[in-house]
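For the single chain, residues carry numbers from 1 onward in sequence order. Nothing here was measured: the structure is a model prediction, and the numbers come from that model.
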Amino acid sequence: MQSPQSTVIVITSAEDVTANLVIMALNERRGVQVARVDPADIGDALSFDAHMGAELGQWSGRLHTPSRDVALDEVGAVYYRRPSPFSSHFTHLPERAKEFAVTEAWHGLGGVLYNLRGAAYVNHPSAINRADFKPAQLQTAAQLRMPVPRTLITNDAARARKFAAEHGPIIYKSFRGAPHTSAGQVAAIWTQPVAEHEIDDSIAMTAHMFQAQVLKNADARVTMIGRKVFAYRITTPDGALDWRRGDWGALVHEPVDVPKPIETALHAYLDAYGLAFGCFDFAIEAETGQWVFIECNPNGQWAWLPDAEAMAQAFADKILEGWWS
């Protein structure tokens, strides 16, 4: 067990409102030192030194920001959220120099921050990366006996048209969404229906995911933080296929009990990927009430949900679990 003087590092960007809630919850715990760090600030706003030797057995050194001076060997936990990309710091460099600087910063500073011995990670970036692939998510869910939509991943138009004919109505869903705009704005590609005649040979360019549409009357968002479960049934006024695309203020959130077999499977899902936290989306079938697994965001947003303050406390509990008393 670490000393009560141990530090929590929160790795995220300055604009992360979700992280703010967790930091506030951590600050309420007496003796907990919290340092907010965006690795992309490397330079005048962030310097570090890390030392290693056979006699040490772990990285030692310090991390310096304008407001914090952190001893690396006193870090008891790391809350990994959404740091800025390293590339945002090196925009002034020629392309090859920029690529070199980004890679070196990621493997050097990132390599130290993401390998602090004895620190608990919520979640570790390597676990997030492994759990971020939708093909893996669907396979894991199916292996845990959660219902999943009939799915095809392909770049073959003939196969896609055949799938539409056999399993229609079908939908298209992107794997990662649109890239950021040149101004850094986030874009989105919403889940949308696709007809057989709309599928042409242009899909050969890249991978596409098609699924049999779940005929639903609601969605469910289940946020798992350690052993704690926060679940809401979500309905939209217009019954939209993708609730994210409309007016979030018009969404209706109702607390909902997660079916016990689903809850058990979700705990097993987190364990399978070494995650302490995940946001799960389900479609609730209109006719049967069956919960159908759609996806898991291993680093999802939750601050917009009604229980956000309770979730922030749950995060603080999970981050400090095992070393704070």
*Does atom NZ of K162 have more than 12 heavy-atom neighbours, drawn from other residues, nucleotides or ligands, at distances under 6.0 Å?*
no
_If you count heavy atoms of other groups shown closer than 6.0 angstrom to CG of D69, is the number above 12?_
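Enclosed.
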Indicate, with yes or no, if the rings of [X] and [Y] have centres closer together than 6.0 Å.
| X | Y | result |
| --- | --- | --- |
| F133 | F175 | no |
| W302 | F230 | no |
| Y114 | Y80 | yes |

Do you know the tightest heavy-atom contact between [X] and [Y]?
| X | Y | result |
| --- | --- | --- |
| C279 | Q301 | SG-O, 3.7 Å |
| A308 | L21 | CB-CD1, 4.1 Å |
| A45 | P66 | O-CD, 3.1 Å |
| P135 | I153 | CG-CD1, 3.6 Å |
| E285 | V214 | CG-CG1, 3.7 Å |
| T206 | N155 | O-CB, 3.1 Å |

*Test side chain to side chain donor-acceptor pair (under 3.5 Å) applied to E74 and T7, step by step*: CA-CA 6 Å; E74 292 180 4; T7 300; 5.0 Å; no
Using the ring of each side chain (for Trp, its six-membered ring), is [X] parallel, tilted or perpendicular to [Y], with breaks at 30° and 60°?
| X | Y | result |
| --- | --- | --- |
| F282 | F293 | perpendicular |
| H208 | F210 | parallel |
| Y269 | F280 | perpendicular |

If only side-chain N and O atoms count, and only distance matters, is there a donor-acceptor pair under 3.5 Å linking [Y] with [X]?
| X | Y | answer |
| --- | --- | --- |
| Y232 | D307 | yes |
| D156 | T154 | no |
| S13 | D38 | no |
| Q137 | T140 | no |
| N20 | R36 | yes |

*For R161 and I199, indicate whether the former's side chain and the latter's backbone hold a donor-acceptor pair under 3.5 Å.*
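Checking the backbone N and O of I199 against the side chain of R161, a donor-acceptor pair under 3.5 Å is found.
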*Pairwise distance CD(E287) to CG(N217) - rounded to 0.5 angstrom*: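 If we round to the nearest 0.5 Å, E287:CD and N217:CG are 11.0 Å apart.
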*Nearest-0.5 Å distance that lies between atom CG in L275 and atom CG in L266*: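 The CG atom of L275 sits 11.5 Å away from the CG atom of L266.
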*Are M224 and V292 grouped together when hydrophobic residues (ILVMFWY) are joined by side-chain heavy atoms under 4.5 angstrom apart?*
no
*asked:* Consider side chain to side chain contact (heavy atoms under 4.5 Å, CB included). Of K228, E28, M24, K318, which one does Q313 pass it with?
replied: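 Passing option: E28.
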